[in-house]
There are 2 protein chains.
Amino acid sequence: MTQVKIKHDCKLELNDVALRATPARIAVMKFLENTTTPVDVQMIKNYLDKQNVSSDAATVFRIMNIFTEKGITRQISFNEGKFRYELASREDHHHLICKNCGKVEDFSYCAIPALEKDIQKKKGFLVTSHALEFYGLCESCKDRQN
Amino acid sequence: MTQVKIKHDCKLELNDVALRATPARIAVMKFLENTTTPVDVQMIKNYLDKQNVSSDAATVFRIMNIFTEKGITRQISFNEGKFRYELASREDHHHLICKNCGKVEDFSYCAIPALEKDIQKKKGFLVTSHALEFYGLCESCKDRQN
DNA sequence: ATAGCATATGCAATAGATTTGCAAGTAGTA
DNA sequence: TACTACTTGCAAATCTATTGCATATGCTAT
């Protein structure tokens, strides 16, 4: 009797980096694949709860730490006193963060890689990653003079 | 009899933004003026202790919050799970943060203002501030293959 | 399909960063 | 110099993140 099983999405990706494909990890990956803005641990936990995936904040922290170690995710800061995460595969974009409504837009910009080479040559500093975020007011908040 | 009093450095700067020039606030400003790398609350507290300026961590947090609100300092994150601060007057520079030894170098780069104008035109997003940090290995850590 | 084992998770406790309430102290003004 | 509003110190509370340990489970080799 064929039972509908958990689809093997993400399973191979996880196994590739020597991680077991647990329900929580799979759900977290799906969440990350379907969100356009970086999310924090609380948001991830809320999603898991809604999906009826048993979890615990400590587990989510552990998952995000190991995903980041394995290079699946990237840890970023919007200066909120906590971390956010996004898939590391989303390369070459930066964030426009509205300080009024909190909306986050992506912004592509390709001058950074060239700059990194320059830094390496001039300063001898080997850049392995970078963070570039712009803070301000999005179009609608700006227009409302809010 | 003329007594040596606390020099009025910083006093006017503080009063200008409607803040009282207290010993702790003055000492914090002096510390910030004399450090080249962004400092965290614990470092500030240590400095105040060494200077025999009575203080408390809660007070330092309050000082840094109000300094940041008033635009005296800038709050930045090196993804350490805590904030660092630097004088907002130190414009147009970014940081090269060594992940091995923790050394922080400044790096000047002036393409960002132009980019901000571009963002405003293309996205309608009004940029009021930004964060750009590079992580990697400084020259000596890199050479030691550490 | 299943046993065995290393890895993951849940839960509770802990650590560290930051905030807050409140009473007491103090800078700036008249 | 006295007054008042702003600041501070202290303790307690929050919040983010980490850790220890016993239990549960994914994965590999039968």
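Chain identifiers are assigned alphabetically (A, B, ...) following the order of the sequence lines, protein sequences preceding nucleic acid strands; residue numbering begins at 1 within each chain. A quick note: this is a predicted structure, and the numbers were derived from the prediction, not measured. We use all heavy atoms of the structure for the numbers below, so side chains are in, but hydrogens, waters and symmetry mates are not.
The side-chain hydrogen bond (donor to acceptor under 3.5 Å, both in side chains) check on Gln120(B) picks up nothing, with sequence neighbours excluded. For Lys121(A), the side-chain hydrogen bond (donor to acceptor under 3.5 Å, both in side chains) test picks out no residue, with sequence neighbours left out. With sequence neighbours excluded, no residue satisfies side-chain hydrogen bond (donor to acceptor under 3.5 Å, both in side chains) with Lys50(B). With sequence neighbours excluded, no residue forms a salt bridge (charged side-chain N to carboxylate O under 4.0 Å, His left out) with Lys117(A). The side-chain hydrogen bond (donor to acceptor under 3.5 Å, both in side chains) search around Asn65(B) returns none, not counting sequence neighbours.
The interatomic distance linking Lys45(A) (NZ) with dC15(D) (P) rounds to 16 Å, in whole Å.
The residue Asp40(B) sits apart from the nucleic acid: no heavy atom pair falls under 4.0 Å.
When the side-chain nitrogen and oxygen atoms of Thr22(B) are compared with OP1 and OP2 of dC6(D), none of them lie within a distance under 4.0 Å.
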Tell me which donor-acceptor pairs under 3.5 Å the side chains of residues 55-63 of chain B have, and how far apart each pair is, sequence neighbours excluded?
from	atom 1	to	atom 2	distance (Å)
Asp56(B)	OD2	Ala58(B)	N	2.9

Check residues 132-139 of chain A and write down every donor-acceptor pair under 3.5 Å in which the side-chain atom is one partner and the other belongs to a residue at least two apart or another chain.
none

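Protein chain B contacts DNA chain C from dA17(C) to dG28(C), reading 5' to 3' and using non-hydrogen atoms of the protein with a distance under 4.0 Å.
Sorted by residue number, the list of members of residues 67-82 of chain A with any non-hydrogen atom under 4.0 Å from DNA chain C is empty. Across residues 47-61 of chain B, Ala58(B), Phe61(B) each have a non-hydrogen atom less than 4.0 Å from an atom of DNA chain C (numbered order).
Each ring-ring contact (aromatic ring centres under 6.0 Å, His included) pair with one or both residues in residues 83-102 of chain A, not counting sequence neighbours, appears once here: Phe78(A)-His95(A), His93(A)-His95(A), His94(A)-His130(A).
For the helix from dA1(C)-dT30(D) to dA30(C)-dT1(D), the angle separating the two terminal helix axes comes to 50°, with each axis derived from five pairs and the value rounded to 10°.
Comparing Arg25(A) and Ala21(B) by the nucleotide of DNA chain C that holds the closest heavy atom to each, the one mapping nearer the 5' end is Arg25(A).
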